[in-house]
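Reviewing the structure listed below.
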Amino acid sequence: MLYLDNASTTWPKPKRVRAAIRDWLDNGGGSPGRGGHAFAQRAGNVVSNTRRALARFFNVPSENRVILCPSATDALNLAFKGFLNEDDHVLISAMEHNSVVRPLRGLARDRRINLEVVPCDTEGRLDPDDVCHRINDQTRLVVVSHASNVTGTVQPVEIIGEQVRARGAFLLVDAAQTAGLLPINFQTFNADLLVFSGHKGLFGLQGTGGLIIGDRISALRPWREGGTGFNSLAEEQPLVWPEAFEAGTPNVPGILSLGEGVAFVAEAGLSALRQQEMERFARLWEGLQELDGITLYGPPPGEGRVPILSFNLKGWEPEDVGNILNHNHGVQVRTGLHCAPLAHRSLGTVPMGTIRLSPNHFTTATEIRQTVAAIRSMAETVLPW
Ligand SMILES: Cc1ncc(COP(=O)(O)O)c(C=O)c1O
């Protein structure tokens, strides 16, 4: 089988990630802060090592501001529910994932915030001036995904962040699709909150992600409370960061895999990985763009995107294309709305969505050729309708 759904979760995982998980299962590990025995200590070390690796990777000066979460979705919920107050005005881009849209729609439905969507062009690009013009005295937070999970379009977040800060608001960047793919220096990024996924470009296992809290933010309410492994006499949630936000036994094997994944990216070099995956992406784009009846979405290969290619074939339902690719050609892709209906409204692809191919640097040139050939055979099929 040929896997082209790395935007959903990356596969394969690097050797060192697989080896670390095997070692954890074979040689034992406990729960951090839950006991003073060797396994508990090992778990504690895993958590602090991964936190330190992430702080270094994103250039965050204080490790306490790196919060480990079970997913990017959980991190987004923590940010929204912990940061926003009654009557805050929140701006989001029209390319956001449902893990941004749904919690905010929920807060707006309960009349706790006012939510406004900033439109994007048909390639999924946001105009920083348009964002700026919509900021008013009540605007507390602007939310932008660094890159769209539908078109791969990268937003000019540094410019947006500069303008947002100048207007006294805060910027949250959803880097689920860019962490590990694009360089992110939190110190110069102009973001106040940064959400990342652990199981995509950082090569950890599913069930990993996190939130980075910038130093313009000094208070955040936990949205999940419970055992933290310390100060057990206290019946209220401890306020110490990062533990205040990490209640419950953490996913230590997942956190271990994330630390190893970050080490893999750091060692291989983000720019070397990017060069390779964008080269594969360009071959895919070039091969597909010649086909009759094909529509490719998002910007062409280049700086302004990550390697996510959405397309449609005239006369074909995306789901049918996905099923034929899977069953007849062994090519695994994602079809439909990709949990981002707003993005599809921007592209004009509601309700059927698109077929999404997301290679990475593990994808081989042969696999790209096979995929193009499989899609060409469908494009050349004379349809009875
Ligand atoms: C842009 C974006 N944000 C958030 C998420 C949610 O990530 P997770 O499923 O890890 O919570 C995804 C997942 O695909 C995504 O693509």
Side-chain angles (χ1 to χ4, degrees), residues 3-11 13 54 67-81 92-106 117-118 120 124-126 141-155 157 160 171-182 184 191 193-212 223-224 245 250-251 254-255 257-258 261-262 297-298 305-310 332-347 353-354 356-360:
Y3 184 73
L4 283 183
D5 197 12
N6 291 289
S8 173
T9 197
T10 45
W11 189 90
K13 302 298 180 191
L54 286 163
I67 315 302
L68 299 170
C69 300
S71 59
T73 303
D74 189 87
L76 287 161
N77 274 273
L78 165 59
F80 299 145
K81 289 162 190 172
I92 64 172
S93 91
M95 293 304 283
E96 297 310 301
H97 191 273
N98 269 343
S99 56
V100 166
V101 179
R102 288 182 174 171
L104 290 176
R105 284 274 182 235
V117 179
V118 186
C120 291
R125 251 184 244 103
L126 197 55
L141 190 64
V142 175
V143 184
V144 177
S145 50
H146 193 192
S148 159
N149 68 312
V150 177
T151 57
T153 312
V154 174
Q155 306 292 0
V157 286
I160 295 170
L171 176 69
L172 183 152
V173 175
D174 173 0
Q177 290 296 344
T178 54
L181 282 92
L182 294 179
I184 297 177
L193 294 156
L194 182 94
V195 168
F196 60 89
S197 181
H199 61 101
K200 301 182 195 280
L202 293 176
F203 294 107
L205 298 183
Q206 282 118 320
T208 55
L211 174 69
I212 296 171
W223 84 294
R224 178 162 32 85
F245 310 114
N251 171 10
I255 292 170
S257 70
L258 175 55
V262 169
Y297 300 96
R305 61 146 51 255
V306 290
I308 294 175
L309 195 161
S310 261
Q332 303 174 79
V333 304
R334 175 107 186 251
T335 61
L337 295 172
H338 322 297
C339 298
L342 285 186
H344 286 279
R345 286 206 180 93
S346 305
L347 303 181
T354 58
R356 184 182 77 178
L357 313 175
S358 46
N360 71 3

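The first residue of the sequence shown is numbered 1, and numbering continues consecutively from there. Since this is a predicted model, take the numbers as computed values, not measurements. No hydrogens, no waters, no symmetry mates; every other heavy atom, side chains included, goes into these values. Just so you know, ligand 1 is whichever comes first in the structure, and atom 1 is the first atom listed for that ligand.
Note: His344 and His338 have tilted aromatic rings, judged against thresholds of 30 and 60 degrees for the angle between ring planes.
Checking side-chain atoms of Gln177 against main-chain N and O of Asn149 turns up no donor-acceptor pair under 3.5 Å. Judged purely by atom type and a 3.5 angstrom limit, Asn360 has no side-chain atom pairing as donor or acceptor with the backbone of Asn6. Using a distance-only test at 3.5 Å, with no hydrogens or angles considered, a donor-acceptor pair links the side chain of Ser71 to the main chain of Asp74.
For Thr208, there are no side-chain hydrogen bond (donor to acceptor under 3.5 Å, both in side chains) partners at least two apart in sequence or on another chain.
Near ligand 1, Ser71, Ala72, Thr73, His97, Ser99, Asn149, Asp174, Ala176, Gln177, Ser197, His199, Lys200 each place a heavy atom less than 4.0 angstrom from the ligand.
Between Leu181 and Pro307, the shortest heavy-atom contact is CD2-CD, 3.7 Å.
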